[in-house]
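In this text the structure is predicted, and so the values were computed from the model without any measurement. Start at 1 with the first residue, then count along the sequence.
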Amino acid sequence: MPPRIPSSSGASRLPLLPLLITVTLLTLAVALWYLTRYSLRDEAEVRWMPPATAACDPSAAPCTARLGGGAELSLTVVTEGPIRPLERLPLEVRVSGTTAEAVRVDFVGREMDMGLHRFPLTAEGDGAFRGEGQVSICTEAVMPWRAKVVVDTPRGRLGSWFDFEVERR
């Protein structure tokens, strides 16, 4: 006669097992979300260079940054007056000192996640790229934004950022 094997009723299981499984799944979900978000923003390959001037309003004057190797970029938001939410913003980026294959401008909230607002620009010749962008509306009276300019060059992706604020009407 074979030995009797006790039946598994579940009472002998570790009482914390369901909690540990839930915590593990939540950790994996957060890690997957972070990796997906990071790779979608496509910023892993960008070599960031600081702006020439820390305080520069791209709607008031061109904001510039040196990209190294004699290359430079400038961003201008062509608008009359301050930048307003939900308005079309004509964007102009000029690149000099290197060949630019593609240029894009990303608007991101500096203190609040406002999602990704990515605007690829069209080459117009002589290092000029133009397009339109838009910042979303926020419940805050003044929303701090960052314009990230990314340039695809033969040296890789180079970028800089320019901070500005948008007041709600």
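When all heavy atoms of P58 and D163 are compared, the closest pair comes out as CD-O, 4.5 Å. Listed here is the closest heavy atom pair of P82 and T79: O-OG1, 4.2 Å. A65 approaches P51 most closely through the heavy-atom pair CB-CA, 3.9 Å. Between P85 and S136, the shortest heavy-atom distance links the atoms CB-O, 3.6 Å.
Between F164 and R146, the closest side-chain pair of non-hydrogen atoms is not below 4.5 Å. Inter-residue side-chain proximity for W48 and V150 is flagged as met; some heavy-atom pair is nearer than 4.5 Å. Side chains of M143 and M114 form a contact here, defined as non-hydrogen atoms less than 4.5 Å apart. Annotation: side chain of L91 is in contact with side chain of F107 (closest heavy-atom distance under 4.5 Å). Using a 4.5 Å heavy-atom threshold, the side chains of E87 and Q134 count as separate. Between F162 and P62 the shortest side-chain heavy-atom distance does not fall below 4.5 Å. In this structure, the side chains of L73 and T64 stay at 4.5 Å or more apart for every pair of heavy atoms. Looking only at side-chain heavy atoms (C-beta outward), S59 and D57 come within less than 4.5 Å of each other.
Taken to the nearest 0.5 Å, the CZ atom of R104 stands 10.5 Å off from the CG atom of L121. The distance from the CD1 atom of I83 to the CD atom of E167 is 11.5 Å, given to the nearest 0.5 Å. Rounding to the nearest 0.5 angstrom, the gap separating the OG1 atom in T22 from the CG atom in L16 is 11.0 Å. For the atom pair CZ of R118 and NZ of K148, the computed distance is 9.5 Å after rounding to the nearest 0.5 Å. Note that CG of L158 is 7.0 Å distant from OG1 of T98, once rounded to the nearest 0.5 Å. Rounding to the nearest 0.5 angstrom, the gap separating the CZ atom in R88 from the CD atom in E132 is 5.0 Å.
More than 12 heavy atoms of other residues, nucleotides or ligands lie within 6.0 Å of CZ in R130, so this atom counts as buried by the packing criterion.
Side-chain atoms of R110 come within 3.5 Å of backbone atoms of W145 as a donor-acceptor pair (strictly under, hydrogens ignored). Looking only at distances, a side-chain donor or acceptor of D113 sits under 3.5 Å from a matching main-chain atom of G115. The backbone N or O of R155 sits less than 3.5 Å from a side-chain atom of T153, completing a donor-acceptor pair.
L32 is not connected to V23 by any chain of hydrophobic side-chain contacts under 4.5 Å among Ile, Leu, Val, Met, Phe, Trp and Tyr, and they are in different clusters.
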Residues M112, E140; criterion side chain to side chain contact (heavy atoms under 4.5 Å, CB included); working and verdict: CA-CA 10 Å; M112 182 184 303; E140 300 291 325; 3.7 Å; yes
